[in-house]
Structure formats: structure tokens, C-alpha cells
Amino acid sequence: MARALITGITGQDGLYLSELLLSKGYEVFGLIRGQNNPKLDLVRETVPDVKLLTGDLTDLSSLLRAMEHSTPDEVYNLGAISFVAYSWENAMLTTDVTGKGVLNILEAVRLYSHDEPGRVRFYQASSSEMFGKVHEVPQRELTLLWPRSPYGVAKVFGHYMTINYRESYGMHASSGILFNHESPRRGPEFVTRKVSQAVSRIKLGIQDEIVMGNLDAKRDWGFAGDYVDAMWRMMQQDTADDYVVSTGVTHSIRDLLDVAFRTVGIDDWARYVKQDPRFMRPAEVEMLIGDSSKARRVLGWEPKVHFEELVTMMVENDLEEQRVQAGR
Ligand code: NDP
Ligand code: GDR
């Protein structure tokens, strides 16, 4: 039975990846931080077969202990402070967790498997935010990185450190450059879930309007369930490498609002949407669109859920959740 250790187990991707690995017969260990993590019950209910270990990406000794307890064949580093807007207000914390945390876990893997580098396979959750002010359209593995936020800068550090450990120590360390991926499990601070929740509440008469930031930004949005499959496929390759994972289609926040409101039968949504500078970013990533031809060719991966289907799935899920919460 293969064993996997996942950091960021309480997050969107941690849950989908756990389900995928459990369905493939893996023994799955999840790193959970804090002495009373509020998401503990969610993890226990969603993926009861995952074995939880306490630890924090900023605490190397806890990572070494987690390695020794789980004796993994594969380590997926999904843990991070992942909300871009928050990273300006907490730049040092973001750097410690999202950046230096990668070095800590790479070190833990290296020390644990020093007798046979490559024995433990490592996945780093890199991000399209690394492209920032894009230097090429669409973005691919070798496009110049020009991050636009403390989060993006921290991810660039983690990405290059992963490559460096592969080249320096012969580790099987891969970096997945994943573009935005969403689902009904997405945190409510991210734009897709913020919209799907608000639109549902507006439809049910619980909320009057939604206050947004930049409506012109464009993102290449896919479904998280599809993207964790790409992570797993990277780990099954004989040679570690870097891969862009994306749909290759980009949409604006306006398109997102369009599809979300249409799903609940509202075509003329402008009167429900306000904008406020507090949701604007000091430096914006205007447009992302990924070229995932390498992942498609080498990994045999392709996205199954497309934009409209994804947004509809999220709105329908939130309509049901909001109805239950409102007792209707
Ligand atoms: P989430 O924000 O949903 O989850 C982040 C996870 O990181 C949570 O489990 C959180 O745990 C954990 N975490 C935070 N701080 C620490 C810490 N100090 N030590 C250990 N764990 C910590 O993110 P997603 O699931 O959406 O994304 C997973 C990874 O992929 C992240 O690294 C993200 O940056 C990256 N990524 C995501 C993309 C996306 O579109 N979703 C695209 C590209 C990359 P807790 O509950 O304790 O806070
Ligand atoms: P992003 O996701 O920054 O791309 O990072 P987010 O959903 O937060 O923003 C996407 C775009 O929407 C614009 N926007 C708003 N965003 C939020 N959150 N709230 C608003 O009200 C709002 N109005 C407009 C933003 O300005 C931005 O352009 C996500 C995270 O999951 C990262 O961890 C991951 O690395 C990248 O995706 C790829």
C-alpha cells in the first residue's frame, strides 16, 4: 500500500486529493496545524480515513516528525497562506509559510531520505500567480516569472527551491504550476465562491447586493477535482519535472458574474453589483491564460469540467446550502 503525506489537508485541494488517493488505495496522512483547528471536524467528516498528524510548515522539527510517523512514498506540499489580497497585509508571515515553508519541507524530505534521494517523491503547489505581470501569452513552463504580490514572490521562491533540490540532491521533486481552480469547497474569500454565495443569497432574498473589486481581471479557471489528478500524475512519472496545469481558456470577473446570475434566472445583474476600492489590489494580475500542452502530452491529463459548468455547479451547491441555513 502506497503512503502519502499531504500538507494543507484542511484546504480545498487537500480534501480532493485525499479522496483521490484513498480511492486509489493509498494510506493517507494529513498535516494539521494548531491545537484546536476549526476545520478538524470538516476533515474528519469528509475524509474519515485520513490519519492526522499535527505540524506546521514553519516548524522543521514537526515536519521531520511527520515524515517519521507517516514514512511516505509521496509528499504533497499544499499548505500555504494562499489568499493573494491578504499577503500584502501579512507579507512576512506569507513569506515564512508560503516561501520558507517549502524549504522546510524539502529539508525534512531530504534528511529523511538521505540514504536514497528520490525514494520519497515531492510535489510543490506552485501557482500561476508567479507569472504576475505576464511576459508571454499564453503562459508556459519557461515563461519569465514576474510576481505581483508577496504571495507570488513567496511562490517563486518555493518553485525555484524545488527545482534546486531536484538538481542539487537528485530528489524526485516536481512543481505543478496550477492556474486558478475552484469548487463548492473553495474558501469564501476567493472571488468565485464569494460570487456563488452572494448570488444564491440575492436569489433567496437574504442579501441585497455584492461589493466587488476589479471586474476586468481575467483568469483561467478550472475545477479543483480535475487538478488534483494532475498532481498525482506528476508523481507517477519516472522523472520529476515542472508542469503548467490550466484549461487554456480565460474569462473576466464580469463573465463570472454573468454566468452566476444567469444560473438563478437574473440577466440584468448590474444593479446588484457595487465596487469598492477596498477590494482592489495594490498591484493586479490583469490576465492569466495557461498553455498546458506539456501536461496533456506527458501526463495524459486534460480538464473535464469547463467554466460554465463549474460556475453553475458552485451556484447550485450554494443555493442548496443557503436554503438549508435559512430553514427553507
Ligand atoms: P487553501 O487556502 O484552501 O488551503 C491552504 C492550506 O494551507 C490549509 O489547509 C491551511 O491550513 C494550510 N496552512 C496554512 N498555513 C499553514 C502552516 N503554517 N503550516 C501548515 N499548513 C498551513 O488552498 P487551496 O487548497 O486552494 O490550495 C492548495 C495549495 O495550492 C496552496 O499552496 C495554494 O497556494 C496553491 N495553489 C492554489 C490554487 C488554487 O486556485 N486553488 C492555484 C495554484 C496554487 P489551516 O486550515 O490550518 O489554515
Ligand atoms: P487569485 O484569486 O488572486 O487569482 O488567487 P481570487 O479569487 O482571490 O481573485 C481573482 C481575481 O478576482 C479579482 N476580484 C476579486 N477577488 C476577490 N477575492 N474578491 C473580490 O471581491 C474581487 N473582485 C475582483 C481579483 O482582483 C483577482 O484579479 C487564487 C488563489 O487560490 C491563489 O492561492 C492561487 O495561487 C491563484 O488563485 C492561482
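One-based numbering, in listed order, for ligands and for the atoms of each.
- Backbone and side-chain nitrogen or oxygen atoms of Gly14 are examined, and none is located within less than 3.5 angstrom of a nitrogen or oxygen of ligand 1.
- Summary of contacts: the protein heavy atom closest to atom 47 (O) of ligand 1 is Arg33 NE, 2.7 Å.
- Judged by distance alone, the side chain of Gln237 and the main-chain N or O of Arg233 form a donor-acceptor pair under 3.5 Å.
- Of the polar atoms of Leu78, at least one N or O is found under 3.5 Å from an N or O of ligand 1, judged by distance alone.
- For atom 34 (C) of ligand 2, the closest non-hydrogen atom on the protein side is Tyr151 OH, 3.5 Å.
- Between His181 and Tyr227, the angle of the ring planes lies from 30° to 60°, which puts this pair in the tilted group.
- Other residues, nucleotides and ligands contribute more than 12 heavy atoms inside 6.0 Å of the CH2 atom of Trp88.
- Residue contacts with ligand 2: Arg219 is placed with a nitrogen or oxygen under 3.5 Å of a nitrogen or oxygen of the ligand (distance criterion only).
- A salt bridge is absent between Arg140 and Asp242: the closest approach of a Lys/Arg side-chain nitrogen to an acidic carboxylate oxygen does not fall below 4.0 angstrom.
- The pair Glu27-Lys51 meets the salt-bridge criterion, with a side-chain N (NZ, NE, NH1 or NH2) lying under 4.0 Å from an Asp/Glu carboxylate O.
- When hydrogens are left out, the protein atom nearest atom 13 (C) of ligand 2 is Ile253 CD1, 3.8 Å; that is the closest non-hydrogen contact.
- Short contacts between ligand 1 and Leu178, defined as distances under 4.0 Å to a heavy atom of the residue, involve ligand atoms 42 (C), 43 (C).
- Residue, atom and distance of the protein heavy atom nearest to atom 5 (O) of ligand 2 are Val84 CG2, 3.6 Å.
- Between the choices Ala80, Gly79, Ala224, the shortest heavy-atom distance to atom 14 (C) of ligand 1 belongs to Ala80.
- Here the heavy atom of the protein found nearest to atom 23 (O) of ligand 1 is Ser82 OG, 3.6 Å.
- The aromatic rings of Phe190 and Phe83 stand perpendicular to each other, their planes meeting at an angle above 60°, with 30° marking the opposite boundary.
- Each of the atoms 15 (N), 16 (C), 17 (C), 18 (N) of ligand 1 lies under 4.0 Å from some heavy atom of Val97.
- More than 12 heavy atoms of other residues, nucleotides or ligands shown are found within 6.0 angstrom of CZ on Arg119.
- Nearest-residue assignment for atom 4 (O) of ligand 2 (options Asp276, Asn180, Val273, Leu215; heavy-atom criterion): Asn180.
- Taking only nitrogen or oxygen atoms, main chain and side chain alike, Gly11 reaches within less than 3.5 Å of ligand 1.
- Considering each of Glu182, Arg278, Arg193, Arg281, the one bringing a non-hydrogen atom nearest atom 6 (P) of ligand 2 is Arg281.
- For atom 18 (N) of ligand 2, the closest non-hydrogen atom on the protein side is Glu189 O, 2.9 Å.
- Protein heavy atom closest to atom 33 (O) of ligand 2, with residue, atom name and distance, is Ser82 O, 2.6 Å.
- Arg3 and Thr71 are linked by a side-chain donor-acceptor pair at a separation below 3.5 angstrom, with hydrogens and angles left out of the test.
- Counting protein heavy atoms only, atom 9 (O) of ligand 1 is closest to Thr10 OG1, 2.5 Å.
- In this structure, a donor-acceptor pair under 3.5 Å is absent between the side chains of Thr162 and Gln124.
- Using a 4.0 Å cut-off between heavy atoms, Ser126 contacts ligand 1 through its backbone alone, with no side-chain atom that close.
- Taking only nitrogen or oxygen atoms, main chain and side chain alike, Gly213 reaches within less than 3.5 Å of ligand 2.
- Counted by atom type alone, His135 and Thr143 present zero donor-acceptor pairs between their side chains at under 3.5 Å.
- Shortest contact from atom 40 (O) of ligand 1 to any protein heavy atom: His181 N, 2.8 Å.
- In terms of protein heavy-atom proximity, atom 26 (O) of ligand 2 is closest to Glu284 OE2, 2.6 Å.
- A salt bridge links Glu107 to Arg110: at least one charged side-chain nitrogen sits closer than 4.0 Å to a carboxylate oxygen.
- Here Arg148 does not pair with Glu286 in a salt bridge; the nearest charged N to carboxylate O distance is not below 4.0 Å.
- The ligand atoms of ligand 1 that sit less than 4.0 angstrom from a heavy atom of Asn180 are 40 (O).
- Open room surrounds CD on Glu302; 12 or fewer heavy atoms of other groups in view lie less than 6.0 Å from it.
- In summary, the atoms of ligand 1 found under 4.0 Å from a heavy atom of Ser127, numbered by their order in the structure, are 43 (C), 44 (C).
- Cation-pi geometry between Lys155 and Tyr160 is not met at under 6.0 angstrom from the ring centre and within 45 degrees of the axis.
- Counting protein heavy atoms only, atom 3 (O) of ligand 1 is closest to Gln12 N, 3.1 Å.
- A cation-pi arrangement is absent between Arg121 and Tyr76, since the terminal nitrogen or guanidinium carbon is not both under 6.0 Å from the aromatic centre and inside a 45° cone about the axis.
- Ion pairing between a basic and an acidic side chain is recognised when a charged N comes within 4.0 Å of a carboxylate O; Asp59 and Arg33 show no such pairing.
- In terms of protein heavy-atom proximity, atom 27 (O) of ligand 1 is closest to Asp13 OD2, 3.7 Å.
- Using a 4.0 angstrom heavy-atom cutoff, Arg186 counts as in contact with ligand 1.
- Of the protein's non-hydrogen atoms, Asp56 OD1, 2.8 Å is the one closest to atom 18 (N) of ligand 1.
- Because its NZ or CZ atom is both nearer than 6.0 Å to the ring centre of Tyr16 and within 45° of the ring axis, Arg185 counts as a cation-pi partner of that residue.
- Summary of contacts: the protein heavy atom closest to atom 31 (O) of ligand 2 is Arg186 NH2, 2.9 Å.
- In Asn37, the part holding a heavy atom less than 4.0 Å from any atom of ligand 1 is the side chain.
- For CG of Asp208, the number of neighbouring non-hydrogen atoms (other residues, nucleotides, ligands) closer than 6.0 Å is 12 at most.
- Counting heavy atoms only, Tyr151 comes closest to atom 33 (C) of ligand 1 of the residues Phe179, Phe190, Tyr151.
- Residue-ligand proximity, Ala217 to ligand 2, at heavy-atom distances under 4.0 Å covers atoms 28 (O).
- In this structure, Ser128 is part of the shell of residues with a heavy atom less than 4.0 angstrom from ligand 2.
- A donor-acceptor contact closer than 3.5 angstrom links the side chains of Asn164 and Ser168.
- The protein heavy-atom contact nearest to atom 6 (C) of ligand 1 is Gly8 CA, 3.6 Å.
- Between Lys155 and ligand 1 there is a heavy-atom distance shorter than 4.0 Å.
- Between Glu189 and Tyr86, the side chains place no donor N or O within less than 3.5 Å of an acceptor N or O (distance only, hydrogens not considered).
- Salt bridge annotation for Arg254-Asp258: absent, with no cationic side-chain nitrogen under 4.0 angstrom from a carboxylate oxygen.
- Of the candidates Gly222, Ala125, Ser246, Ser183, Ala125 brings a heavy atom nearest to atom 30 (O) of ligand 1.
- If you check each of Gln275, Lys218, Glu286, Lys194 against atom 21 (O) of ligand 2, the one with the closest non-hydrogen atom is Lys194.
- The closest non-hydrogen atom to atom 22 (C) of ligand 2, taken over Val191, Thr192, Leu257, comes from Val191.
- Considering only non-hydrogen protein atoms, atom 24 (C) of ligand 2 sits nearest to Asn214 O, 3.2 Å.
- With a 6.0 Å radius and a threshold of 12 heavy atoms from other residues, nucleotides or ligands, Asp115 has its CG atom above the threshold.
- Under a 4.0 angstrom heavy-atom cut-off, Thr7 registers as lying outside contact with ligand 1.
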